[in-house]
Protein chains: 2
Amino acid sequence: MSQMQNVEKQLREMILGLEIGPGERLTERWIESRFGASRTPVRAALLRLETEGLVCRDGRGWTVSPINLAELEQIAVYREAVEVAAVKLTCALADRSAVDVIEAMLDSCDAGTPREEWHRVGMDFHIELARLSGNEFLFRAIRDAMTRLSRARWLEVRDEAALGRAWAEHHAILAAVRAGDADEAARLLSTHIVGSRDRLVTSLHNDRRGLRARGFAVVAA
Amino acid sequence: MSQMQNVEKQLREMILGLEIGPGERLTERWIESRFGASRTPVRAALLRLETEGLVCRDGRGWTVSPINLAELEQIAVYREAVEVAAVKLTCALADRSAVDVIEAMLDSCDAGTPREEWHRVGMDFHIELARLSGNEFLFRAIRDAMTRLSRARWLEVRDEAALGRAWAEHHAILAAVRAGDADEAARLLSTHIVGSRDRLVTSLHNDRRGLRARGFAVVAA
DNA sequence: GATACCGTTTTGGGATACCGAGCTGGTGTC
DNA sequence: GACACCAGCTCGGTATCCCAAAACGGTATC
């Protein structure tokens with residue numbers, strides 16, 4: 001693997017894993033020494049992460065993108081449009097057996113599963129569901145949107161009940177897709193996304209002082 | 001303006017203006033000498049253009065992305081989802097007077113307007129309409145999609161009648177938005193996008209030999 | 001005449017040196 | 001004590017150099 005991909009991957013993981021907090025300043029030289037690469041691959045990695053929205057320019061320097069509540073709300077609207085379109089396409093497919101793989105993915109999470117895994121599977125559900133549509137642009141749009149949402153979802157305070165509800169909604173969506181009921185799948189998915197957004201934004205809004213106390217920049221809606 | 005932005009802008013214009021043909025090989029050293037910049041900003045510009053889909057990696061090198069008919073069809077589906085969502089949002093706005101600006105933009109084209117201008121306004125119609133939604137993600141999605149479509153739309157053989165029909169559809173969409181009729185606007189926009197895609201793909205498919213003879217790589221659907 | 005082999009050249013990937021702008025901290029003046 | 005100013009440092013932007021791998025071309029052999 002090239003140095004650029006290496007730096008990009010590791011830096012992305014550090015940002016998504018909140019090892020570097022939202023709003024934190026980054027210098028190319030720090031990344032250079034941190035990952036043992038020279039500035040050329042570091043700069044390339046930063047440029048790519050910038051297009052993913054994980055880092056942004058701060059005047060002349062680089063900053064880990066803050067958590068932006070207004071952005072989260074806009075992404076939800078975007079997701080709703082794109083995911084609903086994707087799931088409708090999928091419902092129109094002759095062979096929808098691939099939903100079984102996604103269902104198995106959901107079922108792989110149980111009481112003993114670590115929180116990281118729940119988080120990852122919760123995102124992959126939407127990404128893989130979008131992939132089934134066969135439309136590369138819808139897929140990429142959702143994958144990128146989920147990447148942007150990743151840190152916020154990780155910070156969200158989710159109780160057991162909320163997680164259970166999300167999983168039930170995921171299962172219901174898959175059932176509708178399996179039945180080929182596009183309207184029902186779209187309705188369920190739409191409701192799920194809006195509900196998730198409300199819980200997410202509410203949770204982060206309530207927690208914003210605590211988050212800021214942890215050094216995380218949170219921009220209000 | 002920095003060298004990187006300079007190279008990025010000029011190279012984008014050369015690619016979109018077909019001064020460098022789809023499928024053509026690019027070397028960093030050629031770009032370097034062509035624009036009088038060193039390889040660092042050249043590489044940065046290539047990385048950005050790669051995310052726009054205008055250039056792609058070809059093994060170890062760079063290639064101007066070919067015209068891909070399958071991609072054009074997928075983009076149309078993506079556009080339909082995103083643009084319809086955007087226009088529905090716009091219809092729900094209290095103040096929709098900004099449609100007048102877009103209408104004026106359309107009306108600025110007449111018989112004496114050069115083809116480049118028609119082409120640009122035809123794209124900007126969709127981009128500016130999306131911007132009205134106020135959703136940054138919907139806007140960027142459509143702007144980027146139109147960028148990817150730009151070269152194909154330029155190559156399309158469009159007769160006077162087709163242009164007139166497109167303009168009439170644009171006006172009809174604006175009228176529906178002005179009236180706040182979201183369903184009608186969505187229906188008109190959807191029809192417009194599907195119709196445009198059919199004409200575009202058909203035109204390029206019929207012309208593919210001529211295009212290849214001009215040195216343009218065209219990948220079949 | 002075709003093909004296999006080897007040296008040369010080209011190319012992208014990476015490392016590093018240099019520059020100028022901007023920030024910082026310390027000092028001197030009022 | 002406050003503020004203005006300046007030196008030094010830091011940082012991104014750029015240019016350039018090196019390297020290994022791949023592409024190219026020529027030659028020798030069959």
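Each chain gets a letter, A, B and so on, in the order the sequences are listed, and its residues count up from 1.
Separating the CD1 atom of A:Ile31 from the P atom of D:dC11 is a distance of 11 Å, rounded to the nearest angstrom. Note: CD (B:Gln5) to P (D:dG13) measures 9 Å, nearest angstrom. Distance, B:Arg43 CZ to D:dT16 C1': 13 Å, rounded to whole Å. In this structure, CH2 of A:Trp62 is placed 9 Å from P of D:dG12, rounded to the nearest angstrom. As rounded to whole Å, 11 Å separates atom P of C:dT11 from atom CD of B:Glu32. When rounded to the nearest whole Å, the span between CZ of A:Arg25 and P of C:dG22 equals 14 Å. Going from atom CG of B:Leu47 over to atom C1' of C:dG14 covers 14 Å, rounded to whole Å.
Residue B:Ser38 places no side-chain N or O under 4.0 Å from the OP1 or OP2 atom of D:dT14. Residue A:Gln3 places at least one side-chain N or O under 4.0 Å from the OP1 or OP2 atom of C:dA15. A close approach under 4.0 Å does not occur between any side-chain nitrogen or oxygen of A:Arg29 and OP1 or OP2 of D:dG13.
Geometrically, B:Arg140 engages B:Phe137 in a cation-pi contact defined by less than 6.0 Å to the ring centre and at most 45° from the axis.
Of the charged side-chain nitrogens involved, none lies within less than 4.0 Å of a carboxylate oxygen, so that A:Arg148 and A:Glu52 do not count as a salt-bridged pair.
Taking the side chain of A:Arg60 as heavy atoms from C-beta on, and the options D:dA21, C:dA15, C:dG20, the nearest nucleotide is C:dG20. Among the nucleotides D:dG12, C:dG13, D:dT14, the one closest to the side chain of B:Glu28 is C:dG13. Residue A:Arg57 places its side chain closer to D:dG13 than to any other of D:dA15, D:dC11, D:dG13.
The closest side-chain donor-acceptor pair between B:Ser97 and B:Asp95 falls under 3.5 angstrom.
Note on B:Ala37: only backbone sugar-phosphate atoms sit closer than 4.0 angstrom, heavy atoms only; bases stay farther off. Residue A:Leu46 is out of contact with every strand shown, counting any heavy-atom pair closer than 4.0 Å.
Under the 30°/60° scheme for interplanar angles, the aromatic rings of A:His126 and A:His192 are found to lie parallel. Relative ring orientation between B:Phe125 and B:His170 is described as parallel, the plane-to-plane angle staying below 30° on a 0-90° scale split at 30° and 60°.
A residue-by-residue look at A:Gly61 and A:Thr40 shows that A:Gly61 has its nearest nucleotide of DNA chain D further toward the 5' end.
A donor-acceptor contact under 3.5 angstrom links the side-chain atoms of A:Arg39 to the base of D:dG13.
Shown here, D:dC30 forms a base pair with C:dG1; the pair counts as Watson-Crick or G-U wobble because both key distances fall under 3.5 Å.
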